[in-house]
Amino acid sequence: FVMPNIRSDEVKNWLRAMIDRAGGQISLSTATIEIAGKRNGVSMIHAHEADKMYVDAEGRPVHFEAVTNGIALERWGNPELLAYYQEMGVLDEHGLPTQDYVNAIDCLDDQKLLELHHKGKQRLHEVLRMRKDQDGNSIDVPPEAGFFVWARRFASYKRPDMLLRNPVELADILETHNKHLLISGKAHPGDVPMQEHLKRMLLVIEGNPILKKRVHFLEDYNPEIARAMAQGADAAINTPTVLNEWGEKISMEACGTSWMKYILNGGLLESTEDGGVADARLRAEKK
């Protein structure tokens, strides 16, 4: 697998010698660590955990730098909001934070931010009207209602079922605050347990009249709906596992980026402390 992709005989001989020293067999991760010029984790927690997990071919610890994943602002951002950030000196002409971005953020006008966020909500309404919910009905949410969003790949460690573990309480929250919950995402074609899990979630929604009215599962999750939800959501919900069965801290989500899209567009974040979300706290502690 490896040798046909290496042109240099010198590198091939170096790799063969390393495999021989390892007893004739070497893991792909170890070979990659040896070959790579730089070793990065995609968040501070991810880099810290990688430091503990990996060693080089000689069994010595290796160090990973933290280079947190990011998002493309022009792809996910409300264009009017991005223009306002540039106008106020939060972002420069390249979409990067300015030298004085902290003070510039303090000078943003709250009412202006709300007006621009409302434009994002209008786009979300337009996209939803062209989609169908779990019952095959068009999603026509009243303009005065707000949106909570859970949208990402369906995987067990992301715990989409957390939203529906107490359906009565969820129904009360949505009804009291006039919110609608949008759920979207796809399970891996081979992940049959998660596909069955999704079916059970839909049955819970079906069994509660308030949830049936206010919780909408959008099939065929794609960039269009992801972008509309990022720009129009009032709050994003992120629920990855952060404790193992013994109550010890783990980071199952190395660095999800969906929550960044919502914060960029003025949405609130309700989240367990996954890899990327934890960066803010860890950087503050370092200071």
Side-chain angles (χ1 to χ4, degrees), residues 69 71-79 117 119-143 145-165 167 170 174 179-240 252-253 255-265 267 269-271 274:
N69 278 341
I71 58 173
L73 301 192
E74 69 281 358
R75 179 179 300 168
W76 298 107
N78 176 336
H117 183 64
K119 290 182 180 293
K121 290 181 72 170
Q122 288 176 323
R123 292 193 189 95
L124 177 55
H125 278 284
E126 292 168 6
V127 170
L128 290 177
R129 291 190 191 102
M130 297 184 290
R131 311 286 294 208
K132 302 291 184 182
D133 65 10
Q134 63 270 18
D135 297 318
N137 300 320
S138 297
I139 306 172
D140 193 5
V141 175
F147 293 106
F148 295 158
V149 168
W150 192 101
R152 51 191 41 81
R153 180 170 60 88
F154 272 76
S156 58
Y157 77 87
K158 294 178 184 284
R159 300 188 296 179
D161 62 307
M162 277 194 71
L163 303 170
L164 297 163
R165 288 183 185 175
L170 175 61
L174 296 177
K179 303 295 184 185
H180 286 245
L181 172 61
L182 305 177
I183 302 174
S184 193
K186 295 180 180 180
H188 189 278
D191 192 350
V192 176
M194 184 48 62
Q195 293 170 16
E196 294 299 318
H197 206 62
L198 174 57
K199 291 178 183 177
R200 290 192 292 272
M201 290 174 60
L202 295 177
L203 287 175
V204 172
I205 297 169
E206 185 71 21
N208 184 297
I210 295 176
L211 297 185
K212 187 174 172 62
K213 173 185 174 184
R214 292 184 174 270
V215 179
H216 314 278
F217 176 74
L218 286 75
E219 296 182 350
D220 302 321
Y221 184 51
N222 64 12
E224 179 192 40
I225 190 60
R227 184 162 43 248
M229 285 195 282
Q231 294 183 13
D234 295 296
I237 303 170
N238 187 39
T239 53
M252 295 295 290
E253 187 77 85
C255 180
T257 56
S258 61
W259 59 271
M260 300 180 187
K261 301 163 190 171
Y262 296 103
I263 288 179
L264 169 67
N265 290 291
L269 175 66
E270 184 69 25
S271 178
D274 77 10

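Numbers for residues simply follow the sequence, beginning at 1. Quantities reported herein were computed from a predicted structural model and do not represent experimental measurements.
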Grab the two heavy atoms, one from [X] and one from [Y], that are nearest each other, plus how far apart they are.
{"X": "Ala155", "Y": "Met194", "value": "C-CE, 3.4 Å"}
{"X": "Trp76", "Y": "Pro223", "value": "CZ3-O, 4.2 Å"}
{"X": "Tyr221", "Y": "Ala226", "value": "OH-CB, 3.6 Å"}
{"X": "Leu264", "Y": "Gly77", "value": "CD2-CA, 3.7 Å"}
{"X": "Gln195", "Y": "Gly190", "value": "NE2-N, 4.4 Å"}
{"X": "Ser184", "Y": "Phe217", "value": "CA-CE1, 4.2 Å"}

Using modelled atom types only, decide if a donor and an acceptor are shared between the side chain of [X] and the backbone of [Y] within a distance under 3.5 Å.
{"X": "Asp135", "Y": "Lys212", "value": "no"}
{"X": "Asn208", "Y": "Val204", "value": "no"}
{"X": "Asn222", "Y": "Ile225", "value": "yes"}
{"X": "His117", "Y": "Ala233", "value": "yes"}
{"X": "Gln134", "Y": "Leu218", "value": "no"}
{"X": "Glu126", "Y": "Lys121", "value": "no"}

Starting at [atom1] of [X], measure out to [atom2] of [Y] and round the result to the nearest 0.5 Å.
{"X": "Ile205", "Y": "Leu211", "atom1": "CD1", "atom2": "CG", "value": "7.0 Å"}
{"X": "Lys213", "Y": "Asn137", "atom1": "NZ", "atom2": "CG", "value": "14.0 Å"}
{"X": "Leu202", "Y": "Asp133", "atom1": "CG", "atom2": "CG", "value": "10.0 Å"}
{"X": "Asn265", "Y": "Lys261", "atom1": "CG", "atom2": "NZ", "value": "10.5 Å"}

What do you reckon, is CD of Glu270 surrounded by more than 12 foreign heavy atoms closer than 6.0 Å?
no
Atom CZ of Arg75: over 12 foreign heavy atoms under 6.0 Å
no
Does any pair with a residue in residues 217-227 pass salt bridge (charged side-chain N to carboxylate O under 4.0 Å, His left out), and if so which ones, sequence neighbours excluded?
Arg131-Glu224
Can you confirm whether [X] sits close enough to [Y] that some side-chain heavy atom of one is under 4.5 Å from a side-chain heavy atom of the other?
{"X": "Arg214", "Y": "Phe148", "value": "no"}
{"X": "Arg165", "Y": "Arg159", "value": "yes"}
{"X": "Pro160", "Y": "Arg152", "value": "no"}
{"X": "His125", "Y": "Val141", "value": "yes"}
{"X": "Leu124", "Y": "Phe147", "value": "yes"}
{"X": "Ile237", "Y": "Val149", "value": "no"}
{"X": "Lys179", "Y": "Asp234", "value": "yes"}
{"X": "Leu170", "Y": "Ile210", "value": "no"}

Describe, in one word, how the ring planes of His180 and His216 are oriented to each other, choosing from parallel (under 30°), tilted (30 to 60°) and perpendicular (over 60°).
parallel
Stepwise side-chain contact (heavy atoms from CB on, under 4.5 Å) check, Leu163 with Val215
CA-CA 10 Å; Leu163 303 170; Val215 179; over 6 Å; no
Under the salt bridge (charged side-chain N to carboxylate O under 4.0 Å, His left out) test, residues paired with Arg200 that sit two or more places apart
none
side-chain contact (heavy atoms from CB on, under 4.5 Å) between Arg129 and Ser138, worked out
CA-CA 6 Å; Arg129 291 190 191 102; Ser138 297; over 6 Å; no
Could you go through Trp259 and Asp274, starting from their C-alpha distance and side-chain angles, then the distance that decides it, and tell me whether this counts as side-chain contact (heavy atoms from CB on, under 4.5 Å)?
CA-CA 10 Å; Trp259 59 271; Asp274 77 10; 4.1 Å; yes
Do you see a donor-acceptor pair shorter than 3.5 Å between the side chains of Trp150 and Thr239?
yes
Run the side-chain contact (heavy atoms from CB on, under 4.5 Å) check on Arg153 and Lys158 step by step: do they pass?
CA-CA 8 Å; Arg153 180 170 60 88; Lys158 294 178 184 284; 3.9 Å; yes
